[in-house]
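Working notes, structure below.
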Protein chains: 2
Amino acid sequence: MAIDGRSARGSATKELILDTAMDLFKSSGFRATSVRDIAARSGITHPGLLYHFPTKEALLMAVLQRRDDVEGEPVDFHGLDGRALLGHLVAGAAKNATERGIVELFANLSVEAAAPDHPAHEYFVGRYTSLRATLVEGLEELASAHALRPDVLPAIAAAHLIALMDGLQIQWLLDPATDMVGALSFYVNSLLTEPLEGI
Amino acid sequence: MAIDGRSARGSATKELILDTAMDLFKSSGFRATSVRDIAARSGITHPGLLYHFPTKEALLMAVLQRRDDVEGEPVDFHGLDGRALLGHLVAGAAKNATERGIVELFANLSVEAAAPDHPAHEYFVGRYTSLRATLVEGLEELASAHALRPDVLPAIAAAHLIALMDGLQIQWLLDPATDMVGALSFYVNSLLTEPLEGI
DNA sequence: GTCTATAACGTGATAGAC
DNA sequence: GTCTATCACGTTATAGAC
């Protein structure tokens, strides 16, 4: 809403801190990264950092929010037709398979944030609710276009798709030989009367 | 191998510590539980505990091992025919839905243990490998009995089943209204020519 | 507004008395 | 086998200089 893109989000120092934090969260995970580490790599001391972000968890939330704002990735699938939506899902899995750090981060956070008192709890609940709703919508659209096999229930298939993405990530983290993309696209195609092109 | 069942596993104090640790790991998770907490609830001091289990991680491994020994649950599905195997999978999900603490514990550990240097890494890799192999075996048996729909690939379906169990648990932890058992049994029945009785 | 210095606490782990 | 005492470290948070 501001005229220059910077003041809308905060100072340059804030941006630097956010970049550094995201890097370290990716490569080392949230819990294993200390506020001191992030501060040192940002060229300031750790209380200096805590002036900008009062707690480590506030910093985490800012990183997550900015990732959504910048990449628009996690749930911003609206406006796509059903087949494109499923294609993006598979493409997202393929992209994840090139970034182990961020997969670890989100896998860890998803389960950490299961605790109702976790600072990112509401964020993840909203993220999952929104993604699920988008998927149900896309699948229902496909159903009315007779592009879905007749025994597919959109509500259940949506839960399956999300569960497969999460669960396959765990298997892939434990054993990098796991073919996340192959397993996911096999399921996607099992929903459709006509297979998705190019996968 | 010892004559009385006790000395095979350790002293009564060890058993008490293991019980207490499992309780606390279930209710608060591994990382949020301190060695001091476990020791206090066991009626000893924390160096007293560390005499029996030299590190917190050694204690964790002992808890995991004992759970396997006592319940024989996680991967000891051998000797079951394919349909019974799938039934036990669904029954396990139903049982999990009554014990939030242990679902949180294993969900947390699965992703924590994705790090190759985690003390439980090999344990979880072995656990997943073994479960997957058992499932592939059971599904192949069903395939040769023509009990499987013709387009089902055992290797992929096995990965799907494990991923669905893990992924649905995450959704259920974030939103307890999630129907883990329904979603899992729907997938199981979608594999079979004849639906599983009683689900 | 921004940061340095420091506090106050909890953690896992160890040394050595009993 | 269990204890007291202590260590070194990481954590969040605050007081106050610039």
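Any value given below was found using the heavy atoms of this structure, including those in side chains, with hydrogens, waters and symmetry copies removed. First the proteins, then the strands, lettered A, B, ... as listed; each starts at 1. These numbers come from a predicted model, not from an experiment.
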A/His46 (side chain) and D/dA13 (base): donor-acceptor pair under 3.5 Å: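 Side chain to base: pair found, below 3.5 Å.
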
Under-3.5 Å donor-acceptor pair between B/Arg36 side chain and C/dG12 base: yes

Gap between atoms [atom1] and [atom2], on [X] and [N] respectively (whole Å):
X: A/Leu16; N: C/dC3; atom1: CG; atom2: P; answer: 10 Å
X: A/Ile44; N: C/dC3; atom1: CD1; atom2: P; answer: 6 Å
X: B/Asp37; N: C/dT11; atom1: CG; atom2: P; answer: 6 Å
X: B/Glu15; N: D/dG1; atom1: CD; atom2: C1'; answer: 17 Å
X: A/His52; N: C/dT4; atom1: NE2; atom2: C1'; answer: 13 Å

Touch check for [X], heavy atoms < 4.0 angstrom, all strands: base, sugar-phosphate only, or nothing?
X: B/Leu50; result: base
X: B/Ser42; result: nothing
X: A/Thr55; result: sugar-phosphate
X: B/Ser34; result: sugar-phosphate

Donor on one side chain, acceptor on other, A/Asp23 and A/Thr20, under 3.5 Å: no

Aromatic B/Phe106 / basic B/Lys26 pairing, under 6.0 angstrom, 45° off normal: no

Residue A/Thr45, side-chain atoms from C-beta onward, closest of C/dT4, D/dT2, D/dT12: C/dT4

Minimum-distance pair of heavy atoms, taken over all atoms of B/Asn189 and B/Arg149: O-NH2, 3.7 Å

C/dT2 phosphate, OP1 or OP2, under 4.0 Å from A/Tyr51 side-chain N/O: yes

Mutual orientation of the aromatic rings belonging to B/Phe186 and A/His160 [parallel < 30°, tilted 30-60°, perpendicular > 60°]: tilted

